J.: 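Supplied in structure tokens, the structure appears directly below.
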Amino acid sequence: MDLDADRQLSELMRRAQDGDRHAYDVLLNEVANLVRSYVRRQLGADHNVEDVVQETLLSIHSHRHTYDPTRPFRPWMYAIARHRLLDAVGKQQRRWRHEVLDDAGIVDAGALDEAPSEPAGLAAFIRYALAQLSQAQREVIQMLKLDGYSVTEISQRTGRSESLVKVTAHRGYKTLRKLMEDEFRDE
Amino acid sequence: MTNDELIGSLVAQMKPVRRLPSVERRTLLWASIGLLCVCLGTFLFDTRAIIVDELRESSVVLKSGLLLLVSALAARSAFNLSVPSLGNRWLERWLPLFGMFAWFVILAVQHAAGASCVAVEDGHSLFRLGCVSRTAMLALVPSVSMLVMLRRGAPLEQRWTALLGLVSSMALALAGTEILCAKAAWSHVLVWHVGPVFAAGLAGIVLGNRLFRRNLPSDVRRVGH
């Protein structure tokens with residue numbers, strides 16, 4: 001941690017707690033930049049990043065009396081940002097669950113003349129689920145199931161042994177199955 | 001709303017704040033209130049005539065001392081958790097719960113050694129609700145003051161905070177109940193002394209999110225939407 005930078009942030013917050021608006025303005029702008037970088041590292045290029053940044057700023061505003069100026073600032077700030085991030089991910093998962101159930105209902109009702117394109121909510125969930133796999137698992141499953149390669153072909157292309165390809169795929173399926181079960185289990 | 005607009009609004013509306021006192025001060029303040037209430041309540045509930053002799057027994061002193069220590073540790077952990085970034089150490093959270101378990105083990109050892117097989121006074125049976133209501137009454141003021149003080153902070157891990165806060169109040173109250181209640185059967189102690197502490201902890205886990213849910217102040221809410 002850059003101690004000088006943290007001391008500056010700590011001083012800005014101390015002055016803000018005493019009512020210095022200019023210090024507060026500078027602080028919040030710096031916090032927004034730091035939190036944005038942090039959240040982008042966790043979520044990637046997701047449209048939720050700015051939502052999480054704003055929720056964090058609101059929480060910092062309402063919790064600012066809890067900051068102790070004798071302690072480092074950034075652990076305090078990141079603790080709040082981490083919880084707002086977890087809240088946002090939780091809300092997104094609940095939204096996906098709701099969207100997937102809605103989409104399944106439309107398909108079952110047979111209300112459409114032709115097979116619908118993949119529901120947006122389901123596609124988003126599948127993308128999310130694949131993102132939870134390790135890079136190796138994602139690569140193997142994509143090549144096996146989406147690109148149509150055989151185990152032998154994947155082994156030749158990736159340089160992994162055939163047994164390793166099978167084990168990697170099996171572990172990936174297990175993770176996906178668990179994610180699906182968690183998402184579609186009735187509450 | 002863009003971030004710049006949000007920041008501008010927050011800055012325009014901000015006022016000086018009164019900083020939260022340190023964790024140590026808050027713990028000391030709460031412990032003083034709690035101890036005073038429990039001592040007063042214990043006195044008002046009519047202590048046993050043999051209390052002075054009781055306190056000479058090392059096992060009584062050990063158990064009461066352990067309960068007070070558990071209460072203090074749990075309170076400190078709860079107050080730590082009410083400040084973002086504090087209270088993250090694993091041992092700090094679990095030590096009070098291990099302490100309760102140790103108290104339980106001492107009880108079990110005493111029972112095994114035959115020390116707590118004395119019949120309950122006045123023919124009271126296993127179903128002695130008096131201990132539960134006494135513990136609840138002794139715990140009332142400490143619990144309420146604990147929750148009020150914790151809400152002044154900003155608990156992010158609300159279930160853990162509630163669990164430790166309620167365990168600290170109940171352990172303090174139990175120290176009083178142990179003095180008030182005659183030496184009772186093992187089953188009585190297990191159900192009517194230990195049971196309420198366990199139930200309070202469970203209530204903290206279940207209700208933690210609701211106890212510390214805080215709507216943003218109205219001016220902040222308007223800004224964010």
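By convention in this document, chain letters (A, B, ...) are assigned in the order of the sequence lines, proteins followed by strands, and residues within each chain are numbered from 1. Keep in mind it's a predicted model, so treat the numbers as computed, not measured.
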J.: Please look at N29(A) and chain B and tell me whether the side chain, the backbone, both or neither of the residue comes under 4.5 angstrom of a heavy atom of that chain.
T.: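 For N29(A), backbone and side chain are both near chain B.
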J.: Checking R18(B) against chain A: side chain, backbone, both or neither under 4.5 Å from a heavy atom?
T.: backbone
J.: Distance under 6.0 Å and angle within 45° of the ring axis: does R64(A) meet both against Y24(A)?
T.: yes
J.: If you check every heavy atom in residues 194-205 of chain B against those of chain A, which residues fall under 4.5 Å?
T.: none
J.: If I measure from the heavy atoms of chain B, does R15(A) come under 4.5 Å with its side chain, its backbone, both, or neither?
T.: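 Neither part; nothing is under 4.5 Å.
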J.: Verify whether one side chain among R19(B) and Q17(A) offers a donor that lies under 3.5 Å from an acceptor in the other.
T.: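 Yes - a donor-acceptor pair under 3.5 Å links their side chains.
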J.: Does a donor on one side chain and an acceptor on the other come within less than 3.5 Å for E178(B) and H193(B)?
T.: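 Indeed, the side chains of E178(B) and H193(B) share at least one donor-acceptor pair under 3.5 Å.
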J.: Measure from NZ or CZ of R93(B) to the centre of the six-membered ring of W160(B) and say whether it is under 6.0 Å with the direction within 45° of the ring axis.
T.: yes
J.: Quick check on the interface: out of L57(A), V31(A), D68(A), who has the most heavy-atom pairs with chain B under 4.5 Å?
T.: L57(A)
J.: Within the 3.5 Å criterion, strictly below it, is a donor on T2(B) or D4(B) matched to an acceptor on the partner's side chain?
T.: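 No donor-acceptor contact under 3.5 Å links the two side chains.
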J.: Which one, W76(A), Y67(A), Y78(A), leads in non-hydrogen pairs under 4.5 Å with chain B?
T.: W76(A)
J.: Chain B heavy atoms under 4.5 Å from D25(A): which part of the residue, side chain, backbone, both or neither?
T.: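 Contact with chain B is through both the backbone and side chain of D25(A).
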